[in-house]
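Notes for the one structure printed next.
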There are 2 protein chains.
Amino acid sequence: MAQNQSPAPDTSRRSERSRRAIYDAALALVAEVGYPKTTIEGIASRAGVGKQTIYRWWSSKADVLLEAFLDLSNQAAEAAGQAPYSIPDTGDLAADLKNVLRATVDELRDPAFEAPSRALAAEGVVNEELGRRFVAQLLEPQLQLYVDRLRAAQEAGEVRPDIDPRIALELFVSPLAQRWLQYTGPITHAYTDTLVDYALHGLAPR
Amino acid sequence: MAQNQSPAPDTSRRSERSRRAIYDAALALVAEVGYPKTTIEGIASRAGVGKQTIYRWWSSKADVLLEAFLDLSNQAAEAAGQAPYSIPDTGDLAADLKNVLRATVDELRDPAFEAPSRALAAEGVVNEELGRRFVAQLLEPQLQLYVDRLRAAQEAGEVRPDIDPRIALELFVSPLAQRWLQYTGPITHAYTDTLVDYALHGLAPR
DNA sequence: CAGGCAACGAGACGGACCGTCTCGTTGCGT
DNA sequence: ACGCAACGAGACGGTCCGTCTCGTTGCCTG
(Lines give C-alpha, C1' and ligand atoms only; values in the text may rest on other atoms or scores of the structure.)
Protein backbone atom coordinates (compact mmCIF):
# COMPACT_ATOMS: atom_id res chain seq x y z
CA MET A 1 0.00 0.00 0.00
CA ALA A 2 1.48 3.31 -1.14
CA GLN A 3 1.53 5.91 1.61
CA ASN A 4 0.68 9.45 0.64
CA GLN A 5 1.94 11.05 3.83
CA SER A 6 4.25 13.23 1.83
CA PRO A 7 6.04 12.52 -1.45
CA ALA A 8 9.37 12.86 0.37
CA PRO A 9 10.85 16.03 -1.14
CA ASP A 10 14.21 15.79 -2.87
CA THR A 11 16.83 17.48 -0.74
CA SER A 12 19.30 17.86 -3.61
CA ARG A 13 16.89 20.06 -5.53
CA ARG A 14 16.23 22.27 -2.52
CA SER A 15 16.70 26.01 -2.97
CA GLU A 16 19.40 27.30 -0.65
CA ARG A 17 18.33 30.82 -1.49
CA SER A 18 14.81 30.28 -0.16
CA ARG A 19 16.08 28.51 2.94
CA ARG A 20 18.24 31.46 3.91
CA ALA A 21 15.51 33.99 3.11
CA ILE A 22 13.11 32.06 5.36
CA TYR A 23 15.61 32.01 8.25
CA ASP A 24 16.18 35.74 7.93
CA ALA A 25 12.49 36.56 7.68
CA ALA A 26 11.59 34.39 10.67
CA LEU A 27 14.24 35.90 12.92
CA ALA A 28 13.43 39.44 11.81
CA LEU A 29 9.69 39.05 12.34
CA VAL A 30 10.06 37.51 15.79
CA ALA A 31 12.28 40.41 16.79
CA GLU A 32 9.98 43.04 15.28
CA VAL A 33 6.44 41.93 16.08
CA GLY A 34 6.97 39.18 18.65
CA TYR A 35 6.52 35.43 18.46
CA PRO A 36 2.72 35.20 18.75
CA LYS A 37 2.19 37.71 15.92
CA THR A 38 4.72 35.99 13.71
CA THR A 39 2.81 33.88 11.17
CA ILE A 40 3.80 31.41 8.49
CA GLU A 41 2.10 33.62 5.91
CA GLY A 42 4.07 36.59 7.20
CA ILE A 43 7.36 34.74 7.01
CA ALA A 44 6.57 33.52 3.49
CA SER A 45 5.63 36.93 2.14
CA ARG A 46 8.60 38.63 3.81
CA ALA A 47 10.95 35.98 2.44
CA GLY A 48 9.40 36.27 -1.03
CA VAL A 49 8.52 32.62 -0.90
CA GLY A 50 5.40 30.51 -1.39
CA LYS A 51 3.74 29.13 1.74
CA GLN A 52 4.06 25.62 0.36
CA THR A 53 7.84 25.94 0.37
CA ILE A 54 7.73 26.41 4.12
CA TYR A 55 5.25 23.61 4.71
CA ARG A 56 7.34 21.33 2.48
CA TRP A 57 10.40 21.55 4.72
CA TRP A 58 9.10 22.39 8.19
CA SER A 59 6.16 21.25 10.29
CA SER A 60 5.44 24.39 12.33
CA LYS A 61 6.54 27.94 12.94
CA ALA A 62 8.40 26.80 16.04
CA ASP A 63 10.28 24.32 13.89
CA VAL A 64 11.28 27.03 11.44
CA LEU A 65 12.45 29.30 14.22
CA LEU A 66 14.45 26.58 15.96
CA GLU A 67 16.38 25.83 12.77
CA ALA A 68 16.84 29.52 12.01
CA PHE A 69 18.18 30.14 15.50
CA LEU A 70 20.50 27.12 15.38
CA ASP A 71 21.86 28.46 12.12
CA LEU A 72 22.34 31.90 13.64
CA SER A 73 24.11 30.42 16.66
CA ASN A 74 26.44 28.36 14.51
CA GLN A 75 27.30 31.40 12.41
CA ALA A 76 27.99 33.44 15.52
CA ALA A 77 30.09 30.63 16.99
CA GLU A 78 32.16 30.33 13.81
CA ALA A 79 32.63 34.07 13.62
CA ALA A 80 33.75 34.32 17.24
CA GLY A 81 36.22 31.46 17.14
CA GLN A 82 36.64 27.77 16.53
CA ALA A 83 33.64 25.53 17.03
CA PRO A 84 34.81 23.38 19.95
CA TYR A 85 34.77 26.30 22.36
CA SER A 86 35.53 25.75 26.01
CA ILE A 87 35.62 27.65 29.29
CA PRO A 88 39.09 29.08 30.05
CA ASP A 89 41.07 27.43 32.82
CA THR A 90 43.33 29.89 34.61
CA GLY A 91 43.53 27.68 37.67
CA ASP A 92 41.08 29.94 39.53
CA LEU A 93 37.67 28.30 39.20
CA ALA A 94 35.71 31.12 40.81
CA ALA A 95 37.22 33.74 38.53
CA ASP A 96 36.69 31.63 35.41
CA LEU A 97 33.05 30.97 36.22
CA LYS A 98 32.39 34.60 37.04
CA ASN A 99 33.85 35.66 33.71
CA VAL A 100 31.75 33.25 31.69
CA LEU A 101 28.59 34.13 33.57
CA ARG A 102 29.22 37.85 33.09
CA ALA A 103 29.52 37.23 29.37
CA THR A 104 26.28 35.25 29.48
CA VAL A 105 24.52 38.10 31.24
CA ASP A 106 25.61 40.42 28.45
CA GLU A 107 24.48 37.98 25.79
CA LEU A 108 21.06 37.60 27.40
CA ARG A 109 20.61 41.33 26.86
CA ASP A 110 21.48 41.21 23.14
CA PRO A 111 18.16 41.90 21.37
CA ALA A 112 19.13 39.77 18.36
CA PHE A 113 19.36 36.73 20.62
CA GLU A 114 16.71 37.62 23.15
CA ALA A 115 13.57 37.56 21.02
CA PRO A 116 14.08 34.19 19.30
CA SER A 117 15.52 32.41 22.31
CA ARG A 118 12.65 33.57 24.50
CA ALA A 119 10.17 32.44 21.87
CA LEU A 120 11.77 29.01 21.64
CA ALA A 121 12.04 28.63 25.39
CA ALA A 122 8.38 29.55 25.78
CA GLU A 123 7.30 27.11 23.10
CA GLY A 124 9.45 24.41 24.70
CA VAL A 125 7.74 24.81 28.06
CA VAL A 126 4.40 23.85 26.58
CA ASN A 127 5.59 21.60 23.74
CA GLU A 128 7.74 18.86 25.22
CA GLU A 129 8.99 17.49 21.91
CA LEU A 130 10.32 20.86 20.79
CA GLY A 131 11.57 21.63 24.26
CA ARG A 132 13.71 18.53 24.30
CA ARG A 133 15.14 19.33 20.88
CA PHE A 134 15.89 22.88 22.03
CA VAL A 135 17.74 21.53 25.06
CA ALA A 136 19.59 18.78 23.22
CA GLN A 137 20.76 20.95 20.33
CA LEU A 138 21.37 24.25 22.05
CA LEU A 139 21.35 24.27 25.82
CA GLU A 140 23.01 20.98 26.75
CA PRO A 141 26.12 21.54 24.61
CA GLN A 142 26.64 24.82 26.45
CA LEU A 143 26.15 23.18 29.83
CA GLN A 144 28.67 20.49 28.91
CA LEU A 145 31.34 23.18 28.91
CA TYR A 146 30.67 23.74 32.60
CA VAL A 147 30.84 20.00 33.24
CA ASP A 148 34.26 19.91 31.63
CA ARG A 149 35.54 22.89 33.57
CA LEU A 150 34.20 21.51 36.85
CA ARG A 151 35.85 18.16 36.24
CA ALA A 152 39.16 19.90 35.68
CA ALA A 153 38.58 21.74 38.94
CA GLN A 154 37.97 18.43 40.68
CA GLU A 155 41.30 17.10 39.42
CA ALA A 156 42.95 20.30 40.63
CA GLY A 157 41.35 19.83 44.05
CA GLU A 158 39.24 22.97 43.77
CA VAL A 159 35.99 20.99 43.88
CA ARG A 160 35.18 18.02 46.10
CA PRO A 161 35.60 14.73 44.21
CA ASP A 162 32.19 13.33 45.23
CA ILE A 163 30.33 16.20 43.55
CA ASP A 164 28.33 15.50 40.34
CA PRO A 165 29.38 18.27 37.94
CA ARG A 166 26.15 18.11 35.92
CA ILE A 167 24.17 18.94 39.04
CA ALA A 168 26.77 21.34 40.45
CA LEU A 169 26.56 23.64 37.44
CA GLU A 170 22.88 24.12 38.04
CA LEU A 171 23.59 25.93 41.30
CA PHE A 172 24.77 29.00 39.40
CA VAL A 173 23.34 28.50 35.89
CA SER A 174 19.72 27.76 36.80
CA PRO A 175 19.20 30.82 39.03
CA LEU A 176 20.33 33.03 36.17
CA ALA A 177 18.12 31.13 33.75
CA GLN A 178 15.10 31.47 36.00
CA ARG A 179 15.57 35.20 36.56
CA TRP A 180 15.84 35.67 32.84
CA LEU A 181 12.96 33.41 31.84
CA GLN A 182 10.48 34.38 34.52
CA TYR A 183 11.47 37.91 35.49
CA THR A 184 11.97 36.83 39.09
CA GLY A 185 14.76 39.32 39.68
CA PRO A 186 17.33 41.64 38.12
CA ILE A 187 20.26 40.21 36.18
CA THR A 188 23.62 41.84 36.91
CA HIS A 189 27.29 40.96 37.09
CA ALA A 190 27.19 41.40 40.85
CA TYR A 191 24.37 38.88 41.03
CA THR A 192 26.15 36.16 39.08
CA ASP A 193 29.35 36.80 41.04
CA THR A 194 27.38 36.21 44.23
CA LEU A 195 25.91 32.99 42.84
CA VAL A 196 29.39 31.60 42.18
CA ASP A 197 30.57 32.49 45.68
CA TYR A 198 27.51 30.97 47.34
CA ALA A 199 27.74 27.81 45.23
CA LEU A 200 31.44 27.23 45.83
CA HIS A 201 31.49 27.92 49.54
CA GLY A 202 27.97 26.98 50.57
CA LEU A 203 25.39 28.68 52.74
CA ALA A 204 26.39 27.00 56.02
CA PRO A 205 29.18 28.38 58.21
CA ARG A 206 32.58 26.79 57.58
CA MET B 1 -14.33 64.51 26.71
CA ALA B 2 -16.16 61.25 27.18
CA GLN B 3 -13.95 58.26 26.64
CA ASN B 4 -15.54 55.26 24.98
CA GLN B 5 -12.75 52.85 25.89
CA SER B 6 -15.30 50.66 27.62
CA PRO B 7 -18.44 51.60 29.49
CA ALA B 8 -16.82 50.31 32.70
CA PRO B 9 -18.95 47.28 33.58
CA ASP B 10 -20.72 47.25 36.91
CA THR B 11 -19.04 44.78 39.24
CA SER B 12 -22.02 44.51 41.55
CA ARG B 13 -24.21 43.16 38.78
CA ARG B 14 -21.63 40.56 37.78
CA SER B 15 -22.75 36.94 37.60
CA GLU B 16 -20.82 34.80 40.05
CA ARG B 17 -22.23 31.71 38.37
CA SER B 18 -20.68 32.63 35.02
CA ARG B 19 -17.37 33.52 36.59
CA ARG B 20 -17.04 30.11 38.19
CA ALA B 21 -18.17 28.31 35.04
CA ILE B 22 -15.51 30.17 33.04
CA TYR B 23 -12.76 29.26 35.51
CA ASP B 24 -13.76 25.60 35.42
CA ALA B 25 -14.01 25.49 31.64
CA ALA B 26 -10.65 27.20 31.14
CA LEU B 27 -8.82 24.87 33.51
CA ALA B 28 -10.50 21.79 32.06
CA LEU B 29 -9.77 22.71 28.46
CA VAL B 30 -6.12 23.52 29.12
CA ALA B 31 -5.74 20.14 30.80
CA GLU B 32 -7.61 18.29 28.06
CA VAL B 33 -6.48 19.81 24.77
CA GLY B 34 -3.48 21.92 25.79
CA TYR B 35 -2.99 25.65 26.00
CA PRO B 36 -2.52 26.49 22.31
CA LYS B 37 -5.73 24.68 21.33
CA THR B 38 -7.70 26.29 24.12
CA THR B 39 -9.75 29.12 22.59
CA ILE B 40 -11.98 31.82 23.97
CA GLU B 41 -14.85 30.44 21.92
CA GLY B 42 -14.18 26.99 23.34
CA ILE B 43 -14.17 28.27 26.91
CA ALA B 44 -17.38 30.22 26.32
CA SER B 45 -19.28 27.34 24.79
CA ARG B 46 -18.06 24.87 27.43
CA ALA B 47 -19.01 27.28 30.20
CA GLY B 48 -22.42 27.90 28.60
CA VAL B 49 -21.61 31.56 28.37
CA GLY B 50 -21.60 34.24 25.68
CA LYS B 51 -18.20 35.27 24.30
CA GLN B 52 -18.91 38.86 25.24
CA THR B 53 -19.12 37.90 28.91
CA ILE B 54 -15.50 36.77 28.73
CA TYR B 55 -14.34 39.81 26.78
CA ARG B 56 -16.19 42.04 29.22
CA TRP B 57 -14.15 40.91 32.22
CA TRP B 58 -10.84 39.69 30.80
CA SER B 59 -8.47 40.92 28.13
CA SER B 60 -7.00 37.63 26.86
CA LYS B 61 -7.09 33.90 27.33
CA ALA B 62 -3.89 34.12 29.38
CA ASP B 63 -5.64 36.58 31.65
CA VAL B 64 -8.57 34.22 32.15
CA LEU B 65 -6.27 31.32 32.92
CA LEU B 66 -4.17 33.30 35.39
CA GLU B 67 -7.25 34.26 37.39
CA ALA B 68 -8.66 30.75 37.19
CA PHE B 69 -5.39 29.29 38.42
CA LEU B 70 -5.05 31.82 41.22
CA ASP B 71 -8.55 30.90 42.31
CA LEU B 72 -7.69 27.20 42.20
CA SER B 73 -4.53 27.77 44.21
CA ASN B 74 -6.37 29.75 46.85
CA GLN B 75 -9.01 27.05 47.14
CA ALA B 76 -6.34 24.38 47.47
CA ALA B 77 -4.47 26.44 50.05
CA GLU B 78 -7.61 26.97 52.13
CA ALA B 79 -8.52 23.29 51.91
CA ALA B 80 -5.05 22.16 52.95
CA GLY B 81 -4.69 24.46 55.94
CA GLN B 82 -4.63 28.04 57.08
CA ALA B 83 -3.65 30.64 54.49
CA PRO B 84 -0.44 32.05 56.01
CA TYR B 85 1.42 28.80 55.46
CA SER B 86 5.08 28.56 56.34
CA ILE B 87 7.96 26.09 56.10
CA PRO B 88 8.32 23.95 59.25
CA ASP B 89 11.27 24.69 61.50
CA THR B 90 12.51 21.57 63.30
CA GLY B 91 15.90 23.14 63.89
CA ASP B 92 17.43 21.05 61.10
CA LEU B 93 17.51 23.29 58.04
CA ALA B 94 18.67 20.62 55.59
CA ALA B 95 15.91 18.23 56.61
CA ASP B 96 13.24 20.93 56.46
CA LEU B 97 14.29 22.07 53.00
CA LYS B 98 14.47 18.52 51.70
CA ASN B 99 10.97 17.84 52.92
CA VAL B 100 9.48 20.90 51.30
CA LEU B 101 11.28 20.28 48.03
CA ARG B 102 10.14 16.66 47.95
CA ALA B 103 6.58 17.88 48.36
CA THR B 104 7.15 20.35 45.54
CA VAL B 105 8.44 17.58 43.29
CA ASP B 106 5.25 15.65 43.92
CA GLU B 107 3.12 18.70 43.26
CA LEU B 108 4.89 19.38 39.97
CA ARG B 109 3.72 15.97 38.84
CA ASP B 110 0.06 16.60 39.71
CA PRO B 111 -1.69 16.84 36.32
CA ALA B 112 -4.30 19.28 37.64
CA PHE B 113 -1.55 21.78 38.40
CA GLU B 114 0.89 20.92 35.66
CA ALA B 115 -1.09 21.92 32.56
CA PRO B 116 -2.21 25.38 33.65
CA SER B 117 1.01 26.33 35.41
CA ARG B 118 3.08 25.32 32.39
CA ALA B 119 0.78 27.32 30.14
CA LEU B 120 1.10 30.40 32.34
CA ALA B 121 4.84 30.04 32.69
CA ALA B 122 5.20 29.72 28.92
CA GLU B 123 3.03 32.76 28.29
CA GLY B 124 4.99 34.71 30.89
CA VAL B 125 8.30 34.01 29.18
CA VAL B 126 7.13 35.81 26.05
CA ASN B 127 4.71 38.29 27.62
CA GLU B 128 6.55 40.29 30.24
CA GLU B 129 3.50 42.00 31.70
CA LEU B 130 1.75 38.70 32.38
CA GLY B 131 4.99 37.09 33.49
CA ARG B 132 5.49 39.70 36.17
CA ARG B 133 1.93 39.29 37.41
CA PHE B 134 2.41 35.52 37.52
CA VAL B 135 5.55 35.95 39.58
CA ALA B 136 4.16 38.62 41.90
CA GLN B 137 0.90 36.85 42.64
CA LEU B 138 1.97 33.22 42.64
CA LEU B 139 5.68 32.52 42.64
CA GLU B 140 7.11 35.23 44.88
CA PRO B 141 4.78 34.54 47.83
CA GLN B 142 6.01 30.93 47.77
CA LEU B 143 9.63 31.99 47.59
CA GLN B 144 9.10 34.31 50.54
CA LEU B 145 8.53 31.23 52.70
CA TYR B 146 12.09 30.15 51.96
CA VAL B 147 13.37 33.61 52.78
CA ASP B 148 11.69 33.39 56.18
CA ARG B 149 13.02 29.92 56.90
CA LEU B 150 16.54 30.89 55.84
CA ARG B 151 16.45 33.96 58.07
CA ALA B 152 15.47 31.78 61.01
CA ALA B 153 18.40 29.52 60.12
CA GLN B 154 20.71 32.53 60.13
CA GLU B 155 19.58 33.45 63.64
CA ALA B 156 20.15 29.83 64.69
CA GLY B 157 23.66 29.95 63.23
CA GLU B 158 22.91 27.35 60.56
CA VAL B 159 23.48 29.82 57.74
CA ARG B 160 26.22 32.43 57.50
CA PRO B 161 24.91 35.87 58.49
CA ASP B 162 26.28 37.65 55.39
CA ILE B 163 24.19 35.51 53.03
CA ASP B 164 21.24 37.13 51.19
CA PRO B 165 18.35 34.69 51.69
CA ARG B 166 16.51 35.79 48.54
CA ILE B 167 19.52 34.77 46.45
CA ALA B 168 20.38 31.73 48.57
CA LEU B 169 17.01 30.10 47.95
CA GLU B 170 17.65 30.17 44.24
CA LEU B 171 20.52 27.69 44.62
CA PHE B 172 18.07 24.87 45.21
CA VAL B 173 14.77 26.24 43.90
CA SER B 174 15.92 27.43 40.47
CA PRO B 175 17.59 24.18 39.42
CA LEU B 176 14.35 22.34 40.12
CA ALA B 177 12.40 25.01 38.27
CA GLN B 178 14.65 24.82 35.23
CA ARG B 179 14.53 21.03 35.03
CA TRP B 180 10.78 21.19 35.20
CA LEU B 181 10.30 24.06 32.76
CA GLN B 182 12.85 23.08 30.16
CA TYR B 183 13.14 19.32 30.51
CA THR B 184 16.86 19.63 31.20
CA GLY B 185 16.88 16.62 33.50
CA PRO B 186 14.84 14.21 35.60
CA ILE B 187 13.08 15.41 38.74
CA THR B 188 13.38 13.11 41.74
CA HIS B 189 13.58 13.27 45.52
CA ALA B 190 17.21 12.18 45.36
CA TYR B 191 17.93 15.09 43.05
CA THR B 192 16.44 17.76 45.28
CA ASP B 193 18.13 16.21 48.33
CA THR B 194 21.44 16.56 46.51
CA LEU B 195 20.69 20.18 45.65
CA VAL B 196 20.16 21.02 49.31
CA ASP B 197 23.41 19.31 50.32
CA TYR B 198 25.42 21.04 47.61
CA ALA B 199 23.90 24.43 48.38
CA LEU B 200 24.44 24.22 52.12
CA HIS B 201 27.98 22.86 52.09
CA GLY B 202 29.29 24.22 48.79
CA LEU B 203 31.22 22.64 45.96
CA ALA B 204 34.70 23.48 47.26
CA PRO B 205 36.50 21.26 49.77
CA ARG B 206 36.04 22.34 53.38
C1' DC C 1 -42.89 45.47 45.15
C1' DA C 2 -42.41 47.44 40.79
C1' DG C 3 -39.52 49.20 37.36
C1' DG C 4 -35.34 50.08 34.87
C1' DC C 5 -31.11 48.96 33.27
C1' DA C 6 -26.94 46.57 32.70
C1' DA C 7 -25.08 42.05 32.43
C1' DC C 8 -26.36 38.00 30.37
C1' DG C 9 -26.60 33.79 26.46
C1' DA C 10 -26.59 33.44 21.77
C1' DG C 11 -24.82 34.03 17.56
C1' DA C 12 -23.98 36.95 13.09
C1' DC C 13 -20.22 39.43 11.14
C1' DG C 14 -15.74 40.75 8.63
C1' DG C 15 -11.06 39.80 9.05
C1' DA C 16 -6.70 37.16 9.89
C1' DC C 17 -4.28 32.75 9.42
C1' DC C 18 -4.40 28.19 9.06
C1' DG C 19 -2.99 24.09 6.17
C1' DT C 20 -4.08 22.13 1.54
C1' DC C 21 -4.50 22.51 -3.23
C1' DT C 22 -3.75 23.90 -7.65
C1' DC C 23 -1.53 26.72 -11.19
C1' DG C 24 2.41 28.08 -14.49
C1' DT C 25 7.52 28.83 -14.02
C1' DT C 26 12.28 27.84 -13.00
C1' DG C 27 16.39 25.52 -12.40
C1' DC C 28 18.94 21.43 -11.06
C1' DG C 29 20.36 16.49 -12.14
C1' DT C 30 20.67 13.04 -15.69
C1' DA D 1 18.85 19.23 -24.17
C1' DC D 2 15.42 17.39 -21.62
C1' DG D 3 12.33 16.16 -17.85
C1' DC D 4 10.71 16.58 -13.47
C1' DA D 5 10.36 18.28 -8.93
C1' DA D 6 10.80 22.39 -6.26
C1' DC D 7 9.53 26.92 -6.79
C1' DG D 8 6.40 31.70 -6.27
C1' DA D 9 1.85 32.86 -6.24
C1' DG D 10 -2.47 32.71 -4.59
C1' DA D 11 -7.39 30.49 -4.32
C1' DC D 12 -9.88 27.73 -1.10
C1' DG D 13 -12.71 26.13 3.06
C1' DG D 14 -12.16 26.19 7.80
C1' DT D 15 -11.29 27.97 12.55
C1' DC D 16 -10.94 31.51 15.70
C1' DC D 17 -10.52 36.26 16.52
C1' DG D 18 -12.70 40.48 18.56
C1' DT D 19 -16.85 43.42 17.82
C1' DC D 20 -21.56 44.00 17.31
C1' DT D 21 -26.28 43.31 17.83
C1' DC D 22 -30.29 40.81 19.48
C1' DG D 23 -33.88 39.47 23.14
C1' DT D 24 -33.76 37.77 28.05
C1' DT D 25 -32.72 37.71 32.92
C1' DG D 26 -31.94 39.14 37.37
C1' DC D 27 -30.14 42.51 40.56
C1' DC D 28 -30.14 47.29 42.70
C1' DT D 29 -33.10 51.55 43.52
C1' DG D 30 -36.87 53.97 44.30
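Order of the sequence lines fixes the chain letters, A, B, ..., with proteins taken first and strands second; residue numbering starts at 1 for each chain.
Residues meeting the ring-ring contact (aromatic ring centres under 6.0 Å, His included) test with A/Tyr23, sequence neighbours left out: none.
Shown for residues 16-24 of chain A: residues whose heavy atoms fall under 4.0 angstrom of DNA chain D, namely A/Ser18. Against DNA chain D, the stretch residues 47-63 of chain B makes heavy-atom approaches under 4.0 Å through B/Lys51, B/Gln52, B/Tyr55.
Between B/Thr39 and B/Arg14, it is B/Thr39 whose nearest contact on DNA chain D lies nearer the 5' terminus.
The only member of B/Leu70, B/Leu120, B/Asn127 that meets side chain to side chain contact (heavy atoms under 4.5 Å, CB included) when paired with B/Phe134 is B/Leu120.
Summarising the geometry, the separation between CD on B/Glu41 and P on C/dG9 is reported as 15 Å, rounded to the nearest angstrom. Distance, B/Asp10 CG to D/dT29 C1': 12 Å, rounded to whole Å. One interatomic measurement links the two molecules: CG of A/Leu29 to P of C/dC17, which rounds to 11 Å at whole-angstrom precision. One atom, CD1 of B/Ile43, and another, C1' of D/dC16, lie 12 Å apart when rounded to the nearest Å.
Between B/Phe113 and B/Phe69, the ring centre distance stays below 6.0 Å.
The pair B/Glu32-B/Arg46 meets the salt-bridge criterion, since a charged nitrogen lies less than 4.0 angstrom from a carboxylate oxygen. Using a cutoff of 4.0 Å between basic side-chain nitrogens and carboxylate oxygens, B/Glu128 and B/Arg132 are scored as salt-bridged. Between A/Glu114 and A/Arg109 there is no salt bridge, since none of the side-chain N atoms of the basic residue sits less than 4.0 Å from a carboxylate O of the acidic one. Using a 4.0 Å cut-off between a side-chain N of Lys or Arg and a carboxylate O of Asp or Glu, A/Asp164 and A/Arg166 do not qualify as a salt bridge.
Distance from the side chain of B/Ser12 is smallest to D/dC28 among D/dC28, D/dC7, D/dC16.
Put simply, the side chain of B/Arg13 and the base of C/dC5 share a donor and an acceptor less than 3.5 Å apart.
Cation-pi geometry between A/Arg20 and A/Trp57 is not met at under 6.0 angstrom from the ring centre and within 45 degrees of the axis.
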